[in-house]
Each structure stands twice: as C-alpha cells, then as structure tokens.
Amino acid sequence: MPLASTSRRQKALALLESNARYDPMHALVLCQMYNFRPGILKLYEQMKMFNEIIQYYMDVGDYAKVVQSCKEYAFATRHPRSILFHFSL
C-alpha cells in the first residue's frame, strides 16, 4: 500500500522524527520500497549518511541543494569539509 495520502506521509515522517524505537535500516528499506523521499532523506541524516544525501540531490539535479548540503554537513562529519565537496564533483 503506497503512502498516497498526505496524512500518512505526515504520520510516517512524524514517527521517524520521534523518539520511537525502530531499526533505522529497516525503516530505510521501507522508505525506499515506497519511494518516500522525505523519509529517506531524514534517515540518511539520522544515520549520518551525508554522501548519500548529496548523491540524491545530484541524481535529481538540484545542485543548489548539493552545495547547501556540503556546507551544512561538512562540520557534522569527522572528515574535512573538502571531502564532501570533492565527492560532489
């Protein structure tokens, strides 16, 4: 059953943002199965998969978000800022 209604999408995103106990990898697989992009991006962020976030924005051609994400997540990683920018090239 796809997450068709806005209400279901909001509830699913609220669950991911809550302190509920769930397996993030299982939740990511479910979000990917149903192509629930806000959930995928939220889980990537929670799991510190910043390269995946950048890759997503590159795949959809949103280059402004690529640069914004590089700037935003560069300080959240152990890697120097240049690595995320290098990845985006």
Side-chain angles (χ1 to χ4, degrees):
M1 174 186 305
L3 288 172
S5 74
T6 303
S7 173
R8 285 185 181 174
R9 289 179 178 273
Q10 289 173 342
K11 287 179 183 178
L13 202 52
L15 177 67
L16 295 175
E17 293 172 344
S18 73
N19 290 331
R21 291 178 49 120
Y22 59 86
D23 178 9
M25 288 303 289
H26 187 219
L28 180 59
V29 169
L30 290 172
C31 287
Q32 289 171 334
M33 280 177 45
Y34 291 102
N35 200 28
F36 182 47
R37 295 296 179 181
I40 293 168
L41 291 170
K42 175 57 71 181
L43 287 163
Y44 282 162
E45 185 175 346
Q46 288 176 356
M47 293 189 295
K48 299 184 182 345
M49 298 173 74
F50 304 122
N51 289 351
E52 297 296 329
I53 295 170
I54 293 167
Q55 184 64 51
Y56 167 76
Y57 288 128
M58 287 191 306
D59 290 345
V60 298
D62 192 344
Y63 301 111
K65 283 283 199 178
V66 169
V67 173
Q68 178 185 344
S69 295
C70 285
K71 290 178 181 177
E72 181 178 345
Y73 299 124
F75 299 108
T77 66
R78 294 182 194 178
H79 305 293
R81 181 181 196 155
S82 61
I83 289 179
L84 286 177
F85 279 107
H86 183 264
F87 176 76
S88 65
L89 298 175

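Any value given below was found using the heavy atoms of this structure, including those in side chains, with hydrogens, waters and symmetry copies removed.
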Could you measure the distance from the CG atom of Leu13 to the NZ atom of Lys11? Nearest 0.5 Å is fine.
13.5 Å
The reported gap from CG in Leu41 to CG in Leu16 (rounded to nearest 0.5 angstrom) is 11.5 Å
Under the criterion side-chain contact (heavy atoms from CB on, under 4.5 Å), I'd like the reasoning laid out for Ile53 against Met49: C-alpha separation, chi angles, the key distance, then a yes or no.
CA-CA 7 Å; Ile53 295 170; Met49 298 173 74; 5.9 Å; no
Would you name the heavy atoms of Leu43 and Ala27 that are closest together and state the gap between them?
CD1-C, 3.6 Å
Of all heavy-atom pairs linking Met58 and Tyr63, the shortest is O-OH, 4.0 Å
For Gln32, which residues count as a side chain to side chain contact (heavy atoms under 4.5 Å, CB included) partner, sequence neighbours excluded?
Leu28, Ile40, Tyr44
Side chain to side chain donor-acceptor pair (under 3.5 Å) involving Tyr22 - partner list, sequence neighbours excluded
Gln46
According to the salt bridge (Lys or Arg N to Asp or Glu O under 4.0 Å) rule, which pairs have a member within residues 55-65, sequence neighbours left out?
none
Salt bridge (Lys or Arg N to Asp or Glu O under 4.0 Å) partners of residues 22-45, not counting sequence neighbours, each pair once
Glu17-Lys42
Could you please spell out the steps behind the side-chain contact (heavy atoms from CB on, under 4.5 Å) verdict for Ser18 and Leu15?
CA-CA 5 Å; Ser18 73; Leu15 177 67; 4.1 Å; yes
